[in-house]
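For reference, the structure discussed in these notes is given below.
Whatever order the structure lists ligands and atoms in, that order sets their numbers, starting from 1.
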Amino acid sequence: MDTHQLSYQIDNRLYLNITDSCTLDCVFCPKTRGSCKVGDYDLTLGYRPKAEEIMACISQPEQYDEVVFCGYGEPTLRLNLVVEVAQVIKQQGGKVRVNTDGLANLVHKNNVLPKLATCVDILSISMNAQDADTYDSICQPGLPGSFEKMLEFVSEAPRYISDVRASAIDGIEGVDISACRKLAEQRGATFLVRTLDKIP
Ligand code: SF4
């Protein structure tokens, strides 16, 4: 029988792997380089797990520092599942983080932040670059206007969620970390420098 790694643990954080789809094709993504491995975990999915399957991976969420929606795909593409599962985690005393590309409002064509604010403690947005040209060359977005919409999302998010982080990876060609920091902080987000191949 095929088994899928729907959850995995790093330190005292539980990660939920709910989709392998996203609208970006980042040059640094292990998935686009042919591997979905995180340490010993293989996050290859190839299907859309149901909320019940994800819930079955979580027991006593309050025992973890955080329960994080993050796999090799964009969790907010499955917005309803994120909200359904995150609400249960919150009811059980857990802390919820969503790692996102910040394109949910573009994809869903409306402001999803009020919905996320009902059940998400921390939103961690991959900003990745300081301008559209650099973003397009390293993230290869499938949807036009992605960089601008991501930045808009970074600006809007702190109005709904108190802990919003925006990040970029140090050492990627063309990425200006101090310019990214400025963009994040001007928008009320905390800036994080990520390390390549390390799950934040
Ligand atoms: S958004 Fe995430 S999963 Fe998608 S290609 Fe980029 S790094 Fe990979």
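Each of the atoms 3 (S) of ligand 1 lies under 4.0 Å from some heavy atom of Y72. Listed by number with element, the atoms of ligand 1 under 4.0 Å from a non-hydrogen atom of G73 are 3 (S).
At least one N/O/S atom of C26, whether from backbone or side chain, sits less than 2.8 Å from atom 6 (Fe) of ligand 1.
Checking atom 2 (Fe) of ligand 1 against the protein gives no heavy-atom contact under 4.0 Å.
Of the protein's non-hydrogen atoms, the one nearest atom 8 (Fe) of ligand 1 is C29 SG, 2.3 Å. Of the protein's heavy atoms, C22 SG, 2.3 Å lies nearest to atom 4 (Fe) of ligand 1.
Taking 4.0 Å as the cut-off between side-chain N and carboxylate O, R48 and D20 do not count as a salt-bridged pair. Using a 4.0 Å cut-off between charged side-chain N and carboxylate O, E53 and K50 make no salt bridge. In summary, K95 and E66 do not engage in a salt bridge, as defined by a charged side-chain N under 4.0 Å from a carboxylate O.
L77 and L116 fall within a single hydrophobic cluster, where Ile, Leu, Val, Met, Phe, Trp and Tyr side chains are chained together by heavy-atom contacts under 4.5 Å. Cluster membership for L24 and L45, using ILVMFWY side-chain heavy atoms within less than 4.5 angstrom, is shared.
Inspection of the D136 and T134 side chains reveals no N or O donor paired with an N or O acceptor under 3.5 Å.
Within the structure, ligand 1 lacks D101 among the residues with a heavy atom less than 4.0 angstrom away.
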